[in-house]
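Scroll down for the structure; my scribbles are underneath it.
We number each residue from 1, following the sequence as shown.
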Amino acid sequence: GVGKVEVSLDGGPWQLANGANTWSFSLAGLSGIYGVQARATDLWGNVGFPSQSINIWVDTAAPAVTINAPTATLKPTKNANGQWQVPLSGTATDDHDLQAGSLLVQLTQASDVGVAQTQQVATINGNNWSINYLLDPGLYDPTGAYTVTAQVDDSVGNRTVAASQVVRLDASGPVAA
């Protein structure tokens, strides 16, 4: 039977794995690409040949997300269904890959009153994201200050700390005197 299993990272020293016939090896605290080899030693001390090296990517870093700050008050428009929409955009980056469909955007009224809004999935194109954020259909007038939050996950499930940006919406526009 198998007495122990050892693992080598990038040709380094052999380190004891947990278990023998079924085993595991912790990569806690590591980040990056590693060449991994394993070897077994039987109960009589005979050391087996090392496995072929395989490359694995240890990703512990969360992706980054930003929200493009509007330079002025935004004027929401109504879509074909008569629902208010607000164009928003930003960037999302990761050392590896972003998880498809994971970039979530939400508007929250700064006063914490009014109609609650939902998280919506933005479209990612390269490192840029965009959305025509649809406000709740029951919202009569979206004028006011809102906090936009955005978050994204990478392909292994690391999630950003949500980015936030205050935007002002004005559905009425200026009035001539």
Item to check | T91 side chain to N128 side chain, donor-acceptor N/O pair below 3.5 angstrom | outcome: no
Next on the checklist: Once rounded to the nearest 0.5 Å, what's the spacing between atom OG1 of T60 and atom CG of L27?
Outcome noted: 10.5 Å
Checklist entry - Do L104 and V167 share a hydrophobic cluster (ILVMFWY, side-chain heavy atoms under 4.5 Å, transitive)? => result no
Next on the checklist: Working note: W129 + I67, criterion side chain to side chain contact (heavy atoms under 4.5 Å, CB included); need CA distance, chi angles, decisive distance, verdict.
Outcome noted: CA-CA 9 Å; W129 65 265; I67 300 167; 4.0 Å; yes
Next on the checklist: If you compare all heavy atoms of T73 against all heavy atoms of L169, which two are closest, and at what distance to 0.1 Å?
Outcome noted: CG2-C, 3.9 Å
Next on the checklist: Run V86 and N132 through side chain to side chain contact (heavy atoms under 4.5 Å, CB included) and show every step you take.
Outcome noted: CA-CA 5 Å; V86 181; N132 277 329; over 6 Å; no
Checklist entry - Taking all atoms of both residues into account, what is the closest heavy-atom pair of L103 and A92, and its distance? => result CD1-CB, 3.7 Å
Item to check | Expected output: side-chain Y34 to main-chain L30 donor-acceptor under 3.5 Å | outcome: no
Checklist entry - If you look only at pairs with a residue in residues 159-169, which of them pass as a side-chain hydrogen bond (donor to acceptor under 3.5 Å, both in side chains), with sequence neighbours excluded? => result D153-R159
Checklist outcome for this item: For D95 and W57 the tightest heavy-atom approach is O-CH2, 3.6 Å
Checklist entry - Can you tell which of D154, V152, V121 makes a side-chain contact (heavy atoms from CB on, under 4.5 Å) with S102? => result V152
Checklist entry - Shared ILVMFWY cluster between L9 and I56, side chains joined below 4.5 angstrom? => result yes
Checklist entry - Side chain of K78, backbone of W84: donor and acceptor closer than 3.5 Å? => result no
Next on the checklist: I'd like to check Q117 versus Q109 (side-chain heavy atoms, cut-off strictly below 4.5 Å). Are they in contact?
Outcome noted: no
Next on the checklist: Holding to side-chain contact (heavy atoms from CB on, under 4.5 Å), I want the full list of residues that pass it with S51, two or more places apart in sequence or in another chain.
Outcome noted: Q37, A38
Checklist entry - Less than 4.5 Å apart, any side-chain heavy atom of F25 and any of V36? => result no
Checklist entry - If you take all heavy atoms of T143 and S172, which pair is closest and at what distance? => result OG1-N, 4.2 Å
Item to check | N158 to D59 - nearest heavy-atom pair and separation | outcome: ND2-O, 3.0 Å
Next on the checklist: Per the side-chain hydrogen bond (donor to acceptor under 3.5 Å, both in side chains) rule, what does the pair list look like for residues 5-24, sequence neighbours excluded?
Outcome noted: E6-R39
Checklist entry - Do D42 side-chain atoms and N46 backbone N/O form a donor-acceptor pair below 3.5 Å? => result yes
Checklist entry - So if you build clusters from Ile, Leu, Val, Met, Phe, Trp, Tyr with side-chain heavy-atom gaps below 4.5 Å, do I54 and V58 land together? => result yes
Item to check | Nearest non-hydrogen partners of L88 and Y133, listed with the distance | outcome: CD1-CB, 4.0 Å
Checklist entry - Are Y146 and T108 close enough that some pair of their side-chain heavy atoms sits under 4.5 Å apart? => result no
Next on the checklist: How about CG on N125, more than 12 heavy atoms from neighbouring residues, nucleotides or ligands closer than 6.0 Å, or not?
Outcome noted: no
Checklist entry - Would you find a donor on one side and an acceptor on the other, under 3.5 Å apart, between the side chain of D170 and the backbone of G144? => result no
Item to check | Point-to-point distance, once rounded to the nearest 0.5 Å, from NE2 of H96 to OG of S155 | outcome: 4.5 Å
Checklist entry - For the atom pair CG (N127) and CG (L98), what is the distance rounded to the nearest 0.5 Å? => result 7.5 Å
Next on the checklist: Treating T147 as the side-chain partner and V166 as the backbone partner, does any N or O pair qualify as donor plus acceptor under 3.5 Å?
Outcome noted: no
Checklist entry - Do any N or O atoms from the side chain of Q120 and from the backbone of L134 form a donor-acceptor pair under 3.5 angstrom? => result yes
